[in-house]
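Starting from 1, each residue takes its place in the sequence as its number. The analysis underlying the following values was restricted to heavy atoms, covering all of them including side chains, and did not include hydrogens, waters or symmetry mates.
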Amino acid sequence: SGIIKKAKEITVLCDAQLSLVIFSSTGKMTEFHSPSLIHVLDRYQSTSGKKLWDAKHEYLNNEVDRVKKENDNMQIELRHLKGEDLTSLNPKELIPIEDALQNGLAKVKAKQMEFYKMLKKNERVLEEENKRLSYILHHQQIEMDGNVRDMENGYHQKGRDYPSQMPFSFRVQPIQPNLQENK
């Protein structure tokens with residue numbers, strides 16, 4: 001901890017860039033770096049001429065740089081497609097953007113048409129189902145009307161003849177004792 005404290009003091013007092021890595025006998029690693037370890041190691045490599053990175057690491061570093069540039073270019077292209085930062089483009093650069101937007105618009109219209117056709121198909125299915133249910137309801141109403149007519153005209157069941165009107169009488173019984181009739 002004393003060495004790390006001195007390393008921090010050196011970076012502050014001398015305005016120096018310093019990296020310190022310490023491995024103990026147990027394998028524990030302690031590190032201090034200012035500003036970053038990669039920056040210090042790159043500076044050491046360029047100053048001393050010694051290769052710290054092998055070809056594999058160099059390839060990966062170049063690949064990371066390529067992907068970063070590609071990402072930046074895609075973000076610029078996306079801003080252009082959104083209609084941002086178009087003033088810096090010349091007419092030849094605007095033509096592919098216009099084509100991409102027209103292609104996107106055509107795909108959106110095709111998707112809308114597909115959705116519209118699906119809605120129309122569902123509408124036809126629902127109309128057919130509605131007609132079928134109306135037909136069933138109509139026949140049930142006709143059956144019920146026939147049964148009501150049979151009851152009004154009287155009907156025969158197992159050879160018995162029932163009159164069309166059966167006398168029914170009801171007498172309401174009050175629940176409260178003080179409401180009963182005086183006898």
Side-chain angles (χ1 to χ4, degrees), residues 1-140:
S1 65
I3 292 175
I4 293 195
K5 182 179 177 185
K6 290 297 178 186
K8 289 179 184 178
E9 290 174 359
I10 289 172
T11 59
V12 173
L13 294 174
C14 302
D15 191 30
Q17 295 178 352
L18 177 76
S19 288
L20 176 65
V21 179
I22 302 170
F23 289 99
S24 70
S25 60
T26 61
K28 181 182 173 189
M29 181 184 84
T30 308
E31 65 178 327
F32 170 79
H33 45 82
S34 165
S36 73
L37 183 60
I38 301 296
H39 179 70
V40 172
L41 291 175
D42 285 342
R43 191 166 176 194
Y44 172 78
Q45 181 175 322
S46 64
T47 305
S48 69
K50 295 181 181 177
K51 286 273 191 186
L52 297 175
W53 311 108
D54 60 358
K56 180 180 178 183
H57 289 104
E58 195 66 35
Y59 169 75
L60 291 175
N61 192 29
N62 290 338
E63 189 66 18
V64 167
D65 289 340
R66 185 191 66 76
V67 169
K68 283 181 183 179
K69 287 178 186 176
E70 185 177 335
N71 185 25
D72 291 341
N73 290 336
M74 292 176 101
Q75 286 183 356
I76 291 169
E77 186 177 339
L78 183 61
R79 281 197 308 270
H80 289 162
L81 288 173
K82 288 181 179 180
E84 301 169 359
D85 300 332
L86 294 177
T87 55
S88 64
L89 298 176
N90 63 39
K92 286 184 179 179
E93 292 171 326
L94 289 173
I95 291 173
I97 293 172
E98 181 182 13
D99 292 342
L101 290 173
Q102 286 176 345
N103 186 24
L105 182 61
K107 288 182 181 179
V108 167
K109 286 182 179 181
K111 189 68 174 177
Q112 284 178 331
M113 187 55 71
E114 179 183 324
F115 184 69
Y116 177 74
K117 287 177 181 178
M118 184 184 69
L119 285 176
K120 281 297 192 184
K121 179 183 175 189
N122 288 344
E123 182 181 3
R124 283 191 303 271
V125 168
L126 288 174
E127 285 176 356
E128 289 172 9
E129 182 68 14
N130 189 21
K131 287 178 184 176
R132 187 182 71 79
L133 291 174
S134 294
Y135 177 78
I136 292 171
L137 180 64
H138 179 69
H139 281 312
Q140 286 178 348

So with a 6.0 Å cut-off around CE of M118, is the heavy-atom count from everything else above 12? yes
Answer yes or no: does atom CG of L101 have more than 12 heavy-atom neighbours from other residues, nucleotides or ligands under 6.0 Å? yes
Between V40 and S34, which heavy-atom pair has the shortest distance, and what is it?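 Closest heavy-atom pair between V40 and S34: CG2-O, 3.9 Å.
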Here the pair of heavy atoms bringing G27 nearest to F23 is O-CD2, 4.3 Å
Output the distance between atom [atom1] ([X]) and atom [atom2] ([Y]), rounded to the nearest 0.5 Å.
X    : Y    : atom1 : atom2 : value
L119 : L126 : CG    : CG    : 10.5 Å
L86  : E93  : CG    : CD    : 10.5 Å
L81  : M74  : CG    : CE    : 10.5 Å
N122 : E129 : CG    : CD    : 12.5 Å
D42  : N61  : CG    : CG    : 7.0 Å
K5   : I3   : NZ    : CD1   : 13.5 Å

Please, which pairs that meet side-chain hydrogen bond (donor to acceptor under 3.5 Å, both in side chains) have at least one residue in [range], sequence neighbours excluded?
range            : result
residues 63-86   : E63-R66, R66-E70, R79-D85
residues 105-119 : none
residues 14-24   : Q17-R43, S24-T26

Should the pair R124-E127 be classified as a salt bridge under the 4.0 Å nitrogen-to-oxygen rule? no
Give a yes or no on whether a salt bridge exists between E128 and K131, defined as a side-chain N under 4.0 angstrom from a carboxylate O.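 A salt bridge is absent here (no side-chain N lies under 4.0 Å from a carboxylate O).
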